[in-house]
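For reference, the structure is listed below as C-alpha cells.
Every chain is numbered from 1, with letters handed out A, B, ... down the list of sequences.
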Amino acid sequence: MAVTYALASEAVFASAAVLILAGAVAVITVKNPVHAAISLITTLFGVAVAFVAQSADFLAAVQIIVYAGAIVVLFLFVIMFLGVDRTRVVSLEPLIGQRALAAVGVAITVAGLVALMWRSHWVTGAPSVSGHPLASGAGNVHQLGTAVFTTYLFAFEATAALLVIAVVGAVLLARREPSEEGSPS
Amino acid sequence: MGHLATLIVLLPLVGALALWLLGGRVSERLVGSVATTAVAASFAATVAVTLSLLHDRHREITVHLFNWIPVGPLHVPAALLVDPLSVTMCLFVTGISALIHLYSTAYMHGERDYRKFFIYLNLFVFSMLVLVLANNLVLTFVGWEGVGVCSYWLVSFYFERPAAASAGKKAFLYNRVGDVGLLLAMFLIFSRTHTLTYLNVFHRAGTLSPTVATLAVLALLLGATGKSAQIPLFNWLPDAMEGPTPVSALIHAATMVTAGVYLLVRMSPVLAMSPDGRATIALIGAATAFVAATIATAQRDIKKVLAFSTVSQIGYMVLAVGVGAYAAAIFLMVAHAFYKALLFLGAGSVIHSLGGEQDLGRMGALARYLPLTYPTFVVAWLAISGVPPFAGFFAKGDVLTEVYRHNRILWALAVLTAVLTAYYMSRLFVLTFRGRERFREVTHGHDPHESPWVMTVPLVVLAVLAAVGGVLNLPWAHANSLAGFLTPTFGYVTPVAAASSLTAWGLAVVDVAAAIIGVVAAYSIWRDRSASVRYESPFLARVWHWDDGYDAVIGRPLTRAARVANDVVEPRIIDGAVTGVAVSLRRSAEGLRKAQSGFARQYALAMVLGLSVVVVYLVARVG
Amino acid sequence: MHSSAYLAVLIVAPLVGAGLALGLRRREGRSYQVAVATAAIETVLSIVVAVLYNPHVKGAATIDFATRHVLSAPLGLAYDVALDGVSLLLVVLTSLVLLLALVGARERRREASFVTWMLLLTSFTMASFLSHDVLEFFIFFELTLVPSYFIVAQWGGAERARAALKFFVYTFAGSSSLLVGTLYLGFLHQHETGGALTFSYSALAHTPMTHGVALWLFAAFAVAFAVKSPLWPLHTWSPLTYAEAPTGGSIELSALLAKLGSYGLLRFAVGLFPLALADARPVVMTLAVVAILYGSLVACATPDLKRLIAFSSLAQMGFITLGVVSGSQIAAVGAVLLMFNHGVITVGFFLLVGFIERRRATYQIADLAGLQGPAPVLAALFTLVMMASIGLPGLSGFVSEYLILIGTFATHVWWAAVATLGVAAAAAYLLWSYQRVFHGPSRGDNGDFADATTAERWVLVPVVVLIVALGVFPRPVLEKITPSVHQLIEHVAPAGVNK
Amino acid sequence: MSLASIDPLYHHGVTGVVLLIVLVRVVVGFAVLMGSVTLMIWFERKAISDMQSRIGPQRWGPFGILQTLADGIKLFFKEDLIPAEANRFVFKLAPYLSLVPALVTFSIVPVGGTLTIAGHPVMLQIANPPVGILVMLAMSGISVYGVMLAGWASGSKYPLLSSVRASAQMISYEAALGITIVTVILVTGSLSTHNIVTSQADGIWHWNVIRLGVVPFVVFWMAITAELNRPPFDVVEAESELVGGFNTEYSSLRFALFYLAEFMNTITMSAIIVTLFFGGPAGWVPPVSHLRWVFPIIWFVAKTVFFCWCFIWFRAALPRFRYDQVMDLGWKRLIPLSLGWMLVVAGFLIKPAWGLVMAAVVLMASVALATAFERGVAREGGPRSVLAPVGRRPLPGEVLRASSDEVEQ
Amino acid sequence: MNVPAAWYLVLAALLFAVGAYGLLTRRSALIMFMCLELMLNAVNLTFVTFSRTLSDIAGQASVFFVMVVAAAEVTVGLGIVVSVFRRRSSTSVDDLTELKG
C-alpha cells in the first residue's frame, strides 16, 4: 500500500512537471499568441496540480479561478480584440547577442539559485514557530483564511486597494479619448 | 521715574511728537513756539535739577526708568545718571538749543519742510540729552546714534541738492565708522567687566589689564573721532555745512560734535588704566587741532572756516582729555559752545542778510549794515582767538597749562595752533566785516539788512555768555568753580599736581602773545585783500588732499570691489560653480543617455545579468 | 501647560481658509476676502497664543502647548507640536507676514489660486515652526517648497520660470541632505537606545553619538538650512528669486521662509549636535561673517532695488547665523529676535518697493530719483524701515543685532569684531541707494510720483509699530524667549561658555 | 495525510476495493449524466412544444423519447468540416474544453446520502474535495475557453463576435455568482458541497433559500442562467443577429459535443442550485426499513428536474435581453445587490443588531450611489449604458459640429 | 507526499528559467506578459513548497497576494498594451523606443 502510495505522489509530480514544462516551453516557442495562451493554461494547470499535491488546495482552486479563469481569458480577449493573432516571425532577433546573453544570464542565475538551495539543503528558513503544523483539506482553507485576515490583514487591504486602482487605471487606459471621436467635452 | 531729570529728556521728545501729531496744516508760529518752548522748558528743568544736585551730598543720582534689554547676564536699563558732568552738559545743550530754536524760527521762515525741521531739531535735542544723561553705554549709544541720524536728516535737509544729500550720507557714514569703534569698546568692556552701566564699569575698571584697557580706549577714541570729527574721521564736518546754518550752529559746533569728548571724559576711569591710550588721544587731539587750523586758514566759505575751526577747537578738547585735564576739556567745551554757536549764528545772520551768500570773497565792510550782529561777532572773534578776558582765553589757557605740564612738544604744537586760530578767525572777521564792500553783486545793489529780533536776541545772549563765560572756572573768583563742581565725577582720577603760579602766569602771557600774533598777522595780510594764492595754498584748501586720499585708498577700491563682486564674483564664480555642477551633471547624463537604448528587452537583460552577478557572488560567498 | 488645540487651529485654519478660497474662486474677490479674514484670525490667534505662552511650564521645561500623537510607530511618524521661546516669535511672524502680504501686495491675476497658495504656505510654515518632531519638521519644511514654487512660477516677473526652477532645485537639493540626516539620526537613536523608532526632538536631542558622526550629521542638517537661509555661498538662488517673485512671494520667501533656515539651524543643527559645534563653529561663523561683508559689498553695486534687499537680507541672515552658532546665550537670543525683526523689516522693505513698482513699474534704481519731494510720507516710511535695518538704536533692528554682536564678542572676539564692520556697511549701501532713489531733484516721470495712499499707510502701520515697539520696549518679548534659548544653549554648551 | 477527513471512504486506507468503488462511482456518475442529457434534450423539445401548442418529437420511441439518440447518430455520421481559415488545432480542441468542465462540475454534486457497500461508507457523489464549491467556480471559469476558442478558431467573423459576447457575459456574471456563493459559504462555514448539503438537512426552514433570504437564490439563478447562455440571456446565439452563435462553423460530432455540453451544463447547474439552496437530497423520508437511501436520490432528482423545467420555461416565456441590457443587469444591478446582501448576511451572522446596522448602511450607500449615478448620467447626457455605442448620438435636428467645421474650412 | 521538496524547487527553477528566457527573447508584449506569469508561477511554486517544508502558512498567504498582484498587473499591463496598440498598431516592444535617451 505504501508503495502504491509513494508511486502515486511521484506520478502526480511527474504529470505536473510535464504539464508545467511542456506548457512553459510552448509559451515561448509557439508562434501564435493564442496557442501560447493555451500553453499557458496548461502550465497553470500543472502548477495547480503541484499545489494540490502539496496540500495547498485552496490555492489550487484560486489558481484555476484567477489565473485560468480570469487572467488568461483577459489575454485572449486582448489578442482577439487587437487582432494580433497572426503569426509573426520569431526566428529573427534584431538585438545582437540578446538570445545568447539571455541564455547565459538565465542559466547562470538559475543554476546559481539551485546551487544555493542545494547548499542550504533545500531549506531557506526556520520552521514555523507558530506551532500549528500545516493542515490540508478544509483545514488548509481555514488556516489560510485566518492568516490572511489576521497577520496579513494590512497586506490584504492593500492588495484590495491595488486591485481597485488597477481596475480604474485599466479602464482609463483602455478608454477611447473623447477627442478621438471629434466631440470635445 | 518721578525724578525731574526725566522731564529734561522727555520734554523735547514730547515737543517732537506734538509737532508730528499737529499735522502739516498748522502755522509756522505755532510750530516754532511749540518746539522752542519744549526745549526751553527742558532747560528750565535742567536748571532745577542742577540746583537740586548742588544740594545732594553724593552729587550722583540714578533715575531708573524701565528695564530695556534684559537678557541673561546682560542687563541694560533705561536709566539716567545725573551727576555734575551730565548736568553741565545738559545745561549748555538745552540752553544753547533753546536759543538756536528761537533763532531758527525766523531763519527757517518760509521753508517747505518747516515743521519737519523742528521735529528733527527737537528729536536731536532729545537724542543729545539721552546721550548725555544715560547711565550706561548702550543708552548713550542710543543718543549717540540718535544725534547721528538727526544730523543726517538735517544736513540733507535740502535733499534736492545733490551736495546736501551726499553730505548727509557722508556724515552718517563717517559717524558709523566711528560707531563701530564705540560698539567694539562696549563689547570689550562688557566681555571683561560684565556690565555696561557707567558706575559699575568705573568700579571694575581697575580690573582691566593694560592691553584690554588700551584696546578699549583706542576703540572709544575711534568712536570719538567719528562723532567729534577728529583725525582720521574729521572731514565729514565741513561737508555737513550743507545743512541750514542753525543746524551747523547747534549740531556741528555746540553740541553733537562734543559728544566724543564727552564720551572720553565720561570714560575717564577706563582712560586712567591706559597711559598709552591717553597718549594716543592727546596726539590725535593735537594733530587734529593743528591740521584743522591750517586748513581753516585757506577756506573761502565762511561756514567752512568755522567748521574747521570747530574741528580744531575740539582737537584742543581731545588733547586736554588725552593729558588728563578733563575739567579743562569740559570747560573749553562749554566756552566753545558759547562762542562757536555765536559765531555760527552770526555767520548765519550774515548769510541771511546777503540772501544766502557764503563766500568770503563776496562780503566785506558789513559792520556798517549789521549793527547788532557785528558787535556780537566781535566778542565771539576775540573769545575764540584767546584774547582776555573773554571765555576763550581762560578755557584755552587751562588746556594749554595742563598740556604744558604733560608734554612740551604737544604744548608747542598747541600754541602754534593758537596762533593759527587767531589768524584765521581774524581773517574771517576782516574779510566779512572790514575792508571793501564786495557784496553788491549778490544783493543786487541793495543794502544788507539786519536780522529780525528773534535772531539777534540769541546773538546777544550768547555774546554775553561768551564774554563772561570765563568766570565759570576761576577758582579765585568764586568757590563753586566748574572744576570744583565736576570733581566728584573725576574723583576716581588721580588729581594733577597744581602748577606754580609763576608758570601759570608765564603760560598766560604766551597765550596772549599767540593771540596777538595771529590777529596782527591776519590784519596785515587781509586788510586790503580778498584772495591770495600765496596765503591760501591749494594744498590746504583741498584739506591736505584728505578726501582725495580716502577716495583713492578706500572709496574707489571698495566701489570697484563691489562692482566686481556684483558683476563677476556673484554671477560667474559663486553661481558659476553651481551652474558648473549642473552643467557637468548634464554632460555626464548626456553620455549615460546612450545606454538608454529604448529597448525594454535590453533593460530586462541587464537586470538578469545583474541578478546573475549577485547570485554568483552569493554562491561564491556561501562556498 | 495650555491646550495644544490652539496650535492645531493655527495649522489648520489656513488650510480651511485655502479650501474656502478655492471653493469660492468663481466669485469675484470673495476668495480674497476669505483669505484676508483667515489671515486676520490667524494673526489674532497667534498673538493670543504668544501672550498666553508661559516659559515656565514645569521644572526646567520651557515648551508649552505641547502634544504628541504617534501616527505610525513603525515609520516613526508623529504629530508632535509644541511652542517655545524660539518658535514663539516666528509663529507670530508667520501669520503677520501673511496678513501684510495679502493686504499690501494684492495680486489680482488669478487671485483665488494665489491666495490659496499663500494660505497653504502659511499653514506649512506654521506647522514647521510648531513641529517638535524632526521628521514632521522635515515634511512640512519640504512642503513649503510647493506653494512657494508655484507663487514664484506663476506670478513672478519676466524670468519667473528660471527663478522658480533655480529656487526649487537649490532648496530641494539642500533638503535631500536633511532627509538623509534625519533618517540617519532617527535610526541611530533607535539603535543606540534600543527603543522604538522615534523622531521626537526631545528624544533625539539626547542621542549618544561619536564626534565624527555628529559632525557629519551637523553638516547634513546645516547644508539644508544654509541653502534656505540663505548662507553664503549657497545663496545665489535668492537674489534672482526674490527679484523675480511677486511682492507677496518675495515677502514670504525672504521674511518667512528664510527664517525656516535659521530656525532650523538653531533648533536642529545646533540643538541636536552640540558635539559638532566645536569643529563646525569656526567654519559656519566665518561663512556668516563673509556673508555679512559680501552681501553688503554686492548690495552696494546692484542696480535693482529688490536685489539690493536680497543682498541686504543675505547680510542680515549672516548676523542671525552668527548669533545662532556662536554658543552664547545673549547672541542666540539676539538671533531669535533678529529673525523676527528682520522679517518685519523685510516685509516693510518689500511692501515699499512694491508700492514704488506699482507706480513706476520698475525696480531699477537708475530709473528713480528724488522721490522724497513728491512722496514725503513714502520716503519717511522707507527711512524708518531703512534705519531699523541699519540698526539704529531705538528701533527693533538694533536690539537684536547688538545682542548678537555683544554675545558673540564674548565668545569669539575676532569674528564679532569683523562682523561689526557690517554695521557700518549696512549704512553705506542703504543710505547710498536711498540717496539715489529719494534724494536729488526728481527727474522725468518721478516728478508726479504719487505719495503713499491711505491704504498703503495703514498696511505699514503694524510694521512701524513693531519696529518702534520692539526697539523701545523689547523686554516682554525678551523675557518670553530667553528661558528657551537659555535651555537650548545650556544643552549645547553645558560648560558655560555663554556669557 | 488526511484524505479521511474528505471522504470517510478512505478511513481504512486506500485498498483495491476502495479504488474499485471510486471507479464505479465515476463511471456510474458519468453514465447517468450522459443518459440524462439525452432525456433533457427530449424534455426541452417536448416541453417547449407543449407551451407553443405544438406536438414536438414523437416518432422515435414512446413520446419520441429516442429522438435525441437518432439526432446523435445522424450527427455522428455527418461530414466533419473544418473551415479553411480555421485554426485547426484549436478548432478541434474547443469542443472538449466545453464538455470537460461540464462533466467535472457534476462530480461535486451530492446526489444522495451515504451508502455502506462492503463495509465501506460510500458517499453518493463522485468526489467531495475540500474546496468543493470552488471547483464549480473554477470549472465555470474554464468553460469560457470552449466558447471563446471555438469562436475564434473558426476563422469567421460572426462566431468570433458571438464568442466574445459569450465570454464577456460569462465573466461578468461570474462575479455575482461568486458573491452569492460566498453568502452560502458564510452560513455553512465550509466549502465542501457535502457539508453544504448536510447543513440544510434539518428541514425546509434550514434550506439556504430561506435562511439567506430569497435574494441570493434569485441572484444566483439569474447569474447561472446567464452563465449558461440560456434564454433570456442567449445573446450569444441570437439567431437574428449572429447567425448561429459561436458554433456556427461546427458540424458533425464536434457540434454534437457543444450541444452535449450545453445541456449537460443545464442539468449540472440545476443540480448546483438544488445543492446550494434547496438542501440537495434533503427531504422527507418515509419510515421504511429498506431502501432508505433511494428517497434522497428521488428528492434530488425531483428538485433538479424542476429547475431544468424552469430553464425551459424561461426559454419559452421570456423575451431576449439586448446585449447592453445584459451587461447593465450584471454589473449595475446584480453585483451591487449581491454584495450588499452579502454584507447584510455577514452582519446577521455576527449579531442580528449588526445585521440591521449593515442593512441600513447598505441601503444608504445604494441610495447614494444610485443618486450619484443618475446625476452622472444626466450630466453626461449620454446613453444609459456603460458599454455605450462609440461616440455620442446626435440628437434629432442636431448638426454634427466636426463635420460642419470641416466644411467651413 | 514524500516527493522531496528539492524536486519541486528544481521544477520551479526550470519554469523560472524558461519564463525569463522567454521574457528576454520574445518581442510581443503579450507573450512577454505571459512569460512574466510563468515566472510568477515559478515563484508561487517555491512559496508553496517552502510553506510545506517549513510548515508555515505564510508561504501560501504570500502566494495568495502574488496572485492578486499578478491580476492587477495584467489588468493594467494589458490596458497599456491596448492603448499602445491603438496608436502604433503593434505589440512589439522593440517598436516602443520613445523612452530612448
C/Thr302 versus chain B, heavy atoms under 4.5 Å apart: side chain, backbone, both or neither?
-> both
Pick from C/Leu403, C/Ile481, C/Val169, C/Val485 with the largest number of heavy-atom pairs that fall under 4.5 Å of chain B = C/Leu403
Heavy-atom contact with chain B under 4.5 Å, split by part of C/Tyr429 = neither
With only heavy atoms counted, which part of B/Leu196 is less than 4.5 Å from chain C, the side chain, the backbone, both or neither?
-> side chain
Should the pair B/Tyr174 and B/Tyr550 be assigned to parallel (<30°), tilted (30 to 60°) or perpendicular (>60°) ring geometry?
-> tilted
Pairs of heavy atoms under 4.5 Å with chain B: top-ranked of C/Phe438, C/Trp432, C/Tyr434 | C/Trp432
Say whether C/Tyr170 and C/Thr241, considering side chains only, have a donor N or O and an acceptor N or O under 3.5 Å apart.
-> no
Is there a donor-acceptor contact under 3.5 Å linking the side chains of C/His439 and B/Glu160?
-> no
For B/Val31, does its backbone N or O pair with a side-chain atom of B/Arg115 as donor and acceptor, under 3.5 Å?
-> no
Which of the residues C/Val399, C/Val333, C/Leu405 is involved in the greatest number of heavy-atom pairs with chain B at under 4.5 angstrom?
-> C/Leu405
Side chains of B/Asn136 and B/Thr197: do they bring a donor and an acceptor to under 3.5 Å?
-> no
Chain B heavy atoms under 4.5 Å from C/Pro239: which part of the residue, side chain, backbone, both or neither?
-> side chain
Of the backbone (N, CA, C, O) and the side chain (C-beta and beyond), which part of C/Thr383 lies under 4.5 Å from a heavy atom of chain B, both, or neither?
-> side chain
Heavy atoms only, distances under 4.5 angstrom: which of C/Arg475, C/Arg307, C/Met387, C/Glu479 has the most pairs with chain B? Name it, please.
-> C/Arg475
Does the separation of the ring centres of B/Phe118 and B/Tyr114 fall below 6.0 angstrom?
-> yes
Taking B/Arg176 for the side chain and C/Leu421 for the main chain, is one N or O donor matched with an acceptor at less than 3.5 Å?
-> no
Describe, in one word, how the ring planes of C/Phe172 and C/Phe168 are oriented to each other, choosing from parallel (under 30°), tilted (30 to 60°) and perpendicular (over 60°).
-> parallel
Segment of C/Val423 engaging chain B (4.5 angstrom heavy-atom cut-off) | both
If one checks every heavy atom of B/Leu183 against chain C at 4.5 Å, the contacting part turns out to be side chain
B/Leu558 versus chain C, the contacting section by heavy-atom distance below 4.5 Å | both
Evaluate the ring planes of B/Tyr152 and B/Phe172, with Trp represented by its six-membered ring, and classify them as parallel (under 30°), tilted (30 to 60°) or perpendicular (over 60°).
-> perpendicular
At a heavy-atom separation under 4.5 Å, does C/Leu234 approach chain B through its side chain, its backbone, both, or neither?
-> neither
The interface call for B/Arg112 against chain C, heavy-atom contacts under 4.5 Å, is side chain
Partner chain C: residue of B/Arg161, B/Met186, B/Lys116 with the largest heavy-atom pair count (under 4.5 Å) | B/Met186
Winner by heavy-atom pair count (cut-off under 4.5 Å) against chain C, out of B/Asn175, B/Thr559, B/Val569, B/Val177 = B/Val569
Side chain / backbone / both / neither for C/Trp237 at chain B, heavy atoms under 4.5 Å | neither
Under a 4.5 Å heavy-atom cut-off, does chain B meet the side chain of C/Ile390, its backbone, both or neither?
-> both
Between B/Trp153 and chain C, which part of the residue has a heavy atom less than 4.5 Å away: side chain, backbone, both or neither?
-> side chain
Which of parallel (below 30°), tilted (30 to 60°) and perpendicular (above 60°) describes C/Phe311 and C/His235?
-> perpendicular
Would you call B/Asp575 and C/Lys166 a salt bridge, using N to O less than 4.0 angstrom?
-> yes
Pairwise side-chain contact, C/Met386 with C/Leu392, heavy-atom cut-off 4.5 Å (strictly under) | no
Chain B contact via C/Gln435 - which portion, at a heavy-atom distance below 4.5 Å = side chain
